Each structure stands twice: as C-alpha cells, then as structure tokens.
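Reading through the structure tokens given below for one structure.
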Amino acid sequence: MSYYKKLSFTQKILTAMLFGALFGIILNNIGIYNSSINQYLSNGVFEVIGKLFVNSLKMLVVPLVFCSITVGITSLGNLSLMGRIGLKAIILYLLTTAFAISLALICAIIINPGQGFEIDNAVQFSAKEAPSLSSVLISIVPSNPILAMAEGEMLQIILFAIILGIAITITGKNAESFKKGITSLNEIMMSMVQIIMKFAPLGVFCLIAKTFASQGIDMIIPLASYFFTVSIVLLLHVLLTYSAFLKFIGNVSPILFLKKMRTAVVFAFSTASSNATIPVTLNTVEKRLGVDKSVASFTVPLGATINMDGTAIMQGVATVFIASVYMVDLTIGDYLTVILTATLASIGTAGVPGVGLIMLTMVLTQVGLPVEGVALIIGIDRLLDMMRTAVNITGDSMVSLITSKSEKSFNKSIFEDPKAGL
Ligand code: ASP
C-alpha cells in the first residue's frame with residue numbers, strides 16, 4: 001500500500017489499467033467454469049463503480065465545455081483572432097482525418113483483412129439509422145440552448161458558447177461582471193475535475209476489468225486480421241502523421257508529447273468516450289503540454305466533438321474488409337467517396353462509445369455496400385473503440401498544440417518540464 005502511495009498519478013493510472021486487464025482476463029476464464037462469480041463482479045461491482053466514475057466525468061462535460069469555450073473566446077478579446085484560430089483548428093482537424101482514412105484504405109488494401117473470413121461468423125445486426133449529412137449540418141444550430149445542454153448536444157452547445165463569447169466581447173463594459181462570473185465558474189469546474197480525478201485509478205480499474213471480463217480476448221481470433229489491421233493503422237497514424245506534424249510544424253519532440261499524453265490516453269481507452277475525457281484532455285493540454293488556455297479551451301472541446309481520426313481509420317479498414325467479404329470490387333471513385341464521407345461523418349460522430357459503428361453505416365451506404373456488414377465486426381468493436389478513442393483525443397491535443405504554436409502562445413518551457421501539471 002505504501003508502495004502504491006509513492007507512485008505518481010500517471011503510474012497509478014497505468015497500474016490500475018494493467019491490473020484491471022489482468023483481473024478481467026482471469027475473471028473471463030473463470031467465468032467459463034463458474035459464470036456466477038464473473039456475473040457478480042463484472043455486471044455488479046465493476047459495472048456500478050465504472051458507471052459511477054464515467055457519470056461523474058460526464059457530469060462535468062456540459063458545464064465545462066460551455067464555460068471554457070465562452071471564457072476562451074472572451075479572453076481572446078478580438079474576434080478576428082478567434083476566427084483565425086477556429087479556422088486553423090478546423091482545417092487541421094479535417095486534414096488529419098483525411099490523412100487517417102487514406103492511410104487506413106492503403107493499409108487495408110495491402111493487407112486485405114477480409115481474405116479467408118468465414119461469413120458464418122457474423123451475428124445478427126439491425127442497423128440503427130445514421131443521421132443524413134444534411135441533418136447533421138442543420139442540427140448544428142440549437143433551437144433551444146437549454147434543451148441542447150440537457151441532452152448533451154455538443155456541437156449545439158459549442159455554437160451557443162461561441163456566439164455568447166462573441167456577444168460578451170461586443171457588449172464590452174456592461175458584460176464585465178458576467179465575464180468575471182463565468183471565468184470563476186470555469187475555474188470551479190476545473191477544481192471539480194481535480195476532485196473526481198482522485199477516484200480515477202479505481203474507476204479505470206473497474207472499467208477495464210469489466211470490459212476484459214465480459215469480452216474475452218478469444219473473440220478476436222476469427223477477426224484477428226481485421227483487428228490487427230485497425231490496430232496497426234492506428235499506431236502508424238500516431239507514429240507517422242502526428243509525429244511529423246509535431247516535429248516539422250510544431251518543432252517539438254513527439255516522444256515527449258506522447259509521454260505527456262499518457263494519462264489522457266488511458267482515460268480515453270477506459271471510457272471509450274472523447275466527450276467524457278474532455279476534462280482530462282483539457283487539463284493535460286493546458287497544464288502538461290503548455291498550450292495557451294484561450295486556445296485549448298476552444299480547440300479541445302471542438303476536437304472532441306468533430307475530430308475523430310481513430311474512428312475514420314476503423315471505418316476505412318471496415319469498408320475494405322466488408323467489401324472483400326461480400327466480394328464487391330471498389331473503384332477509385334468509391335475510395336474517394338469513402339475518404340470524403342468518413343471525414344464529414346467524423347463531424348457528426350458524437351464522442352461517445354460505439355457511435356463510430358453507427359456512422360459506418362452511412363459510409364457503407366454511400367458506396368453501395370450492405371449495412372449488414374457491420375454485424376461482422378460488431379463483436380470486437382468495443383476493444384477497437386477504446387483504442388480509436390485514445391487516438392481521437394491524441395489528435396485533438398496535437399492540433400491544439402500546433403494551433404497554439406502558430407499563434408505564438410505555446411509555452412515551450414511547460415512542454416519541456418517533465419513535472420509540469422503533476
Ligand atoms: N468512441 C469514440 C469517441 O468517443 C467514437 C467512436 O468511434 O465510436 O471518440
């Protein structure tokens with residue numbers, strides 16, 4: 001116990017993840033002989049504690065995003081600056097997603113993960129309807145901001161907060177007291193994040209143990225080549241694309257960046273939700289990476305909502321996999337459609353578990369593939385969801401850093417200090 005107390009926060013989180021995975025795998029194997037122990041722990045204790053933890057993170061998301069974007073915009077104090085930062089971030093988000101999906105298509109075509117796959121391995125799947133592109137666009141403007149907050153509609157909340165921030169700036173002196181109030185509320189929310197973080201190791205342990213106890217790694221076997229293709233592309237995207245951006249545009253060490261991202265990555269991995277991870281990502285980007293608050297408070301929630309590189313990678317590999325299993329030949333035009341649709345779909349993909357798979361149906365429909373194909377991969381999607389969410393938030397943080405750097409508001413000494421933010 002005293003040994004545990006000496007560990008740093010990141011080490012505690014990593015230990016919790018490792019033990020959670022080991023415990024879950026053991027439990028899953030015990031479950032084969034005695035399912036009641038597995039049921040009791042994974043569907044009882046772990047489920048309850050894990051859900052409590054995720055709920056407490058989610059509890060902070062709406063007020064935190066609302067306050068941090070409003071404060072971020074007002075602290076810029078200059079509307080054209082805000083437009084420039086927003087535009088840079090959005091272009092980088094779309095660009096990295098397009099890279100991600102192109103890399104996924106190239107690797108999937110080379111590896112051909114669908115080869116030799118038995119179609120009987122499929123389970124039943126009833127396709128939930130993915131929203132159309134036009135409805136995604138229309139729904140960006142909330143008709144009722146309070147309802148948007150109650151329902152956690154992130155794009156709508158972001159838009160409302162942006163307009164509010166602009167309005168506060170335009171109002172000037174008369175809005176000063178409101179500005180002070182919301183700035184202080186923002187700080188209070190960050191203190192709440194610190195409180196909840198105290199329970200993080202326990203929460204992470206339970207979430208990971210539950211997933212491994214109920215999933216079992218043997219499910220991967222029939223889909224091993226699909227699983228490994230997605231995993232390899234996720235890794236390549238981080239190691240090639242992100243590292244290149246960081247090294248050549250950001251002029252910072254990609255290794256140090258990844259080291260500093262560890263805690264946020266574990267959170268994304270255990271919750272499989274970019275949204276629920278926003279409080280941790282924000283904290284990491286500001287306090288560990290040295291991104292200026294006014295940039296981070298805007299780019300991080302925006303990224304968690306519209307930037308899904310990991311999800312796009314899964315969608316690219318899945319499309320090639322499903323086409324190969326159903327013996328459909330995709331043309332160059334189809335591949336371009338996949339790149340375009342998956343990049344746009346990433347804007348409409350909510351940062352919560354499993355939505356990437358629903359949006360995949362939209363990509364499949366665009367190129368005339370059967371949506372039932374999703375049934376082939378649904379069984380192992382949870383594990384992949386965890387991994388792709390980790391990549392999603394790493395991409396958000398990378399773009400945030402590059403944007404801050406280009407605005408000359410990036411604090412390199414914080415970035416280079418290994419102890420910063422701990
Ligand atoms: N779980 C992912 C995220 O929150 C979205 C998805 O791919 O399903 O970023």
Side-chain angles (χ1 to χ4, degrees), residues 50-51 53-55 57-58 60-62 64-65 93-94 96-97 100-101 104 125 127-131 136 152-155 157-158 207-208 211 215 226-227 230-231 233-234 237-238 242 261 264-282 284-285 299-319 321 338 341-364 371 374 377-400:
K51 277 246 163 79
F53 179 61
V54 175
N55 281 354
L57 279 173
K58 282 194 190 156
L60 301 182
V61 169
V62 171
L64 190 62
V65 167
Y93 282 144
L94 294 180
T96 48
T97 307
I101 177 117
F125 171 73
K128 248 197 235 161
E129 191 131 352
V136 168
E153 289 290 345
M154 297 318 286
L155 268 184
I157 299 170
I158 289 176
L207 286 171
I208 300 274
T211 312
Q215 296 271 314
Y226 166 73
F227 186 88
V230 178
S231 318
V233 186
L234 288 174
H237 187 59
V238 173
Y242 293 166
M261 285 300 298
V265 161
V266 172
F267 267 82
F269 185 78
S270 8
T271 58
S273 167
S274 305
N275 272 2
T277 314
I278 290 177
V280 191
T281 318
L282 251 182
T284 306
V285 169
T299 50
V300 168
L302 185 69
T305 312
I306 69 163
N307 182 48
M308 309 273 163
D309 293 0
T311 304
I313 287 172
M314 174 280 285
Q315 290 171 342
V317 177
T319 308
F321 175 78
V338 172
T341 330
T343 306
L344 292 178
S346 115
I347 299 178
T349 307
V352 292
V355 186
L357 213 57
I358 298 171
M359 296 308 271
L360 173 64
T361 59
M362 179 169 122
V363 179
L364 295 177
V371 288
V374 174
I377 51 175
I378 205 163
I380 54 160
D381 193 63
R382 176 69 192 194
L383 266 184
L384 288 174
D385 196 2
M386 294 159 85
M387 300 201 297
R388 66 180 183 250
T389 308
V391 172
N392 288 346
I393 64 114
T394 308
D396 303 339
S397 310
M398 187 278 285
V399 167
S400 197

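In this text, all values refer to a predicted model and were calculated from it rather than measured experimentally. Both counts, for ligands and for their atoms, begin at 1 and track the order of listing. Heavy atoms only: backbone and side chains are in, while hydrogens, waters and symmetry mates are out. Counting from 1, the numbers follow the sequence of the chain as shown.
When only non-hydrogen protein atoms are considered, atom 1 (N) of ligand 1 lies nearest to Asp385 OD1, 2.7 Å. In terms of protein heavy-atom proximity, atom 4 (O) of ligand 1 is closest to Ser274 N, 2.8 Å. Ranking protein heavy atoms by distance to atom 2 (C) of ligand 1, first place goes to Thr389 OG1, 3.3 Å.
Of the possible polar contacts, none joining the Asp309 side chain to the Asn392 backbone as a donor-acceptor pair under 3.5 Å is found. The backbone N or O of Gly351 lies less than 3.5 Å from a partner atom in the side chain of Ser273, making a donor-acceptor pair.
Summarising the geometry of Ala390 relative to Val265, their closest heavy-atom pair is CB-CG1, 3.9 Å, with the distance given to 0.1 Å.
Ligand-side atoms of ligand 1 in range of Val355: 8 (O), range being under 4.0 angstrom from any heavy atom. Less than 4.0 angstrom separates some heavy atom of Thr311 from each of these atoms of ligand 1: 5 (C), 6 (C), 7 (O). Atoms of ligand 1 lying under 4.0 Å from any heavy atom of Gly354, numbered from 1 in the order shown and given with element: 8 (O). Atoms of ligand 1 lying under 4.0 Å from at least one heavy atom of Ala272, given by number and element, are 1 (N), 4 (O). Near Gly351, meaning under 4.0 Å from any of its heavy atoms, are these atoms of ligand 1: 3 (C), 4 (O). When each atom of ligand 1 is checked for a heavy atom of Ser273 under 4.0 Å away, the hits are 4 (O).
The side-chain heavy atoms of Ser346 and Met359, taken from C-beta on, include no pair separated by under 4.5 Å. In this structure, Val65 and Ile158 have side chains that are in contact, with non-hydrogen atoms separated by less than 4.5 Å. When side chains are defined from C-beta on, Val266 does not count as touching Val280, because their heavy atoms never get closer than 4.5 Å. With contacts defined as side-chain heavy-atom distances shorter than 4.5 Å, the pair Leu360/Thr311 does not qualify.
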Would Phe267 and Leu57 count as a side-chain contact (heavy atoms from CB on, under 4.5 Å) here? Give the steps. CA-CA 10 Å; Phe267 267 82; Leu57 279 173; 4.0 Å; yes
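Of the N or O atoms in Asn275, none lie within a sub-3.5 Å distance of an N or O in ligand 1. In terms of polar-atom proximity, defined here as any N/O pair under 3.5 Å, Gly356 does make such a contact with ligand 1. In terms of N/O distances under 3.5 Å, ligand 1 is not approached by Met308.
The structure places CG of Asp381 at 5.5 Å from CE of Met314, a figure rounded to the nearest 0.5 Å.
Within the 4.0 Å heavy-atom criterion, the part of Val352 lying near ligand 1 is the backbone and not the side chain.
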